[in-house]
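Worksheet: one structure, shown below.
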Amino acid sequence: MGTKGKHNVGSEIQSPYIKTEKEIDLMEKAARIVAETLVLLGKYIKSGITTAELDTIAEDYIRSKGAKPAFKGYKVDGRAYPNTLCISIDEEVVHGLPGARKLEEGQIVSIDCGSELKGYFGDSAISYPVGKVNELKQKLLRVTEESLMKGIEHAVERNKIYDISRAVQTFVESNGFNVTRELVGHGIGKHLHEEPPVPNFVPPLLHRSQYPNVKLQNGMALAIEPMVHAGGKSIKTARDGWTVLTADKSPAAHFEHTIVINGDKPIILTLRD
Ligand code: MF3
Ligand code: CO
């Protein structure tokens, strides 16, 4: 993890995106709980465990640390998300609902987790293999995680949001895969989702106003979260109204970190050790 540089000293225009040192300290605590939860869950990823069991393990751990699950009750289009985790298997991209389904050997399982501590949020995701997975899935896990790291490398002072987007997209597409277009990363802090959006692709000209190409400044906190399909770009929503699937049923992976812009060395708040 990088060291925290001084930021904002002497700057006259206070961007609404910039967090103070004190806010970043609180976010770091929330984020660490998320990272620890994902590591803990890794020990339980085996065929036979249900996704509801994983959800309970995560909720109990988060609450044992005095934090709250950030997703539970979080409203999307007026509907409250019912669980602590989003657990998405194989062709499920994100927002899979925990339940009675059991993990099976050969699957890849994406786990997305958020926590809230003292009014501040952390958000992170990881995709795990269940036992031994085929070569395509192995490559997908590697490329997706590496695309997140490429995005983070470009999350430096004086760059802009699209520099992150371009780094992720270029790496993913050069490996023959595609990023999800309909869902994007986001600012984070006192809310799970804040401005600015962080697309994993450079928006086509007509869509640029939807995704302002904000200049990155020290103290900005972002959740960068590439969602990658081994097949085509298109997605659909399952009948449960939450689960996002690849339209062609190709496997998908998802990795996410909460980071803070800090000169040329972003601080990864959700780093797992
Ligand atoms: N990390 C996801 C996101 O940033 C999790 C949100 S799921 C929700 O969108 F249902 F709780 F919103
Ligand atoms: Co997120």
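Note that the numbering runs from 1 along the sequence shown for the chain.
Screening residues 40-49 for side-chain hydrogen bond (donor to acceptor under 3.5 Å, both in side chains), with sequence neighbours left out, gives no hits. Sorted by first and then second residue, the salt bridge (Lys or Arg N to Asp or Glu O under 4.0 Å) pairs involving residues 158-175 (not counting sequence neighbours) are Asp163-Arg166, Glu173-Arg181.
The main-chain N or O of Ile267 is never found under 3.5 Å from a side-chain atom of Asn262 such that the two would form a donor-acceptor pair. Judged by distance alone, with hydrogens and angles left aside, the side-chain atoms of Ser115 form a donor-acceptor pair with the main-chain N or O of Ala30 at under 3.5 Å. One N or O on the side chain of Ser88 and one on the backbone of Gly96 form a donor-acceptor pair closer than 3.5 Å. The main-chain N or O of Gly241 is found under 3.5 Å from a side-chain atom of Arg79 such that the two form a donor-acceptor pair. Judged by distance alone, with hydrogens and angles left aside, the side-chain atoms of Asp55 form a donor-acceptor pair with the main-chain N or O of Thr84 at under 3.5 Å. In this structure a side-chain-to-backbone donor-acceptor pair under 3.5 Å is missing from Lys249 to Asp90.
Cluster annotation: Val202 and Leu222 are assigned to the same hydrophobic cluster (Ile/Leu/Val/Met/Phe/Trp/Tyr, side-chain heavy-atom contacts under 4.5 Å, transitive). Tracing side-chain contacts under 4.5 Å through hydrophobic residues (I, L, V, M, F, W, Y), one reaches Leu85 starting from Ile49; they form part of the same cluster.
Counting non-hydrogen atoms of neighbouring residues, nucleotides and ligands closer than 6.0 angstrom, the CG atom of Asp240 exceeds 12 such neighbours. Atom NZ of Lys139 has more than 12 neighbouring heavy atoms from other residues, nucleotides or ligands inside a 6.0 Å radius. Counting non-hydrogen atoms of other residues, nucleotides and ligands closer than 6.0 Å to CG of Asp264 gives a total of 12 or fewer.
Across all non-hydrogen atoms, the minimal contact from Ala155 to Leu216 is CA-CD1, 3.8 Å. Closest heavy-atom contact between Val184 and Pro199: CG1-CA, 3.6 Å. Listed here is the closest heavy atom pair of Ser250 and His229: OG-CB, 4.1 Å.
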Can you check side chain to side chain contact (heavy atoms under 4.5 Å, CB included) on Trp242 and Val76, steps first, answer last? CA-CA 9 Å; Trp242 287 102; Val76 180; 3.8 Å; yes
Candidate pair Glu59 and Arg63, rule salt bridge (charged side-chain N to carboxylate O under 4.0 Å, His left out), full reasoning: CA-CA 6 Å; Glu59 178 164 6; Arg63 293 198 191 279; 2.9 Å; yes
Start with the C-alpha gap between Val156 and Ile261, add the side-chain angles, then the distance that decides, and say whether side chain to side chain contact (heavy atoms under 4.5 Å, CB included) holds. CA-CA 6 Å; Val156 296; Ile261 306 299; 5.9 Å; no
The test is side chain to side chain contact (heavy atoms under 4.5 Å, CB included); show your working for Leu245 and Glu92 and say whether it passes. CA-CA 4 Å; Leu245 307 134; Glu92 298 173 356; 3.6 Å; yes
Test side chain to side chain contact (heavy atoms under 4.5 Å, CB included) applied to Ile87 and Val109, step by step: CA-CA 7 Å; Ile87 305 183; Val109 54; 3.4 Å; yes
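Contact annotation: the side chain of Lys233 never approaches that of Glu182 to less than 4.5 Å [non-hydrogen atoms, C-beta and beyond]. Contact of the Ile18 side chain with the Asn218 side chain is not registered, since no non-hydrogen atoms from C-beta on lie closer than 4.5 Å. Two residues are said to be in side-chain contact when any heavy atoms from C-beta on lie closer than 4.5 Å; His95 and Thr243 fail this criterion. In this structure the side chain of Tyr120 reaches within 4.5 angstrom of the side chain of Lys190, judged on heavy atoms. A heavy-atom distance below 4.5 Å is not found between the side chains of Val228 and Asn200. Looking at heavy atoms from C-beta onward, Met220 lies out of side-chain contact with Glu157 at the 4.5 angstrom threshold. Residues Lys102 and Thr50 have side chains in contact (heavy-atom distance under 4.5 Å, counting atoms from C-beta outward). Met27 has its side chain out of reach of Val260: every pair of non-hydrogen atoms, C-beta onward, lies at least 4.5 Å apart.
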Between side-chain atoms of residues 143-153 and protein atoms elsewhere (two or more places apart, or another chain), which donor-acceptor pairs fall under 3.5 Å?
residue, atom, partner, partner atom, Å
Thr144, OG1, Leu140, O, 2.7
Ser147, OG, Thr144, O, 2.7

For residues 123-134, run the donor-acceptor check on the side chains, cut-off 3.5 Å, and write out each pair with its distance to 0.1 Å, sequence neighbours left out.
residue, atom, partner, partner atom, Å
Asp123, OD2, His186, NE2, 3.0
Ser124, OG, Glu256, O, 2.7
Ser127, OG, Ser110, OG, 2.7
Ser127, OG, His254, N, 2.9
Ser127, OG, His254, O, 3.0
Tyr128, OH, Leu38, O, 2.6
Asn134, OD1, Leu136, N, 3.2
Asn134, OD1, Lys137, N, 2.8

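Hydrophobic side-chain contacts under 4.5 Å tie Ile235 into a cluster, directly or through other members, with Val93, Val94, Leu183, Met227, Val244. Val39 forms part of no hydrophobic cluster, judged by ILVMFWY side-chain heavy-atom separations under 4.5 Å.
There is no side-chain donor-acceptor pair under 3.5 Å between Tyr17 and Gln217.
Among Phe71, Phe121, Tyr74, the single residue meeting the ring pair (Phe, Tyr, Trp, His ring centres under 6.0 Å) criterion with His193 is Tyr74.
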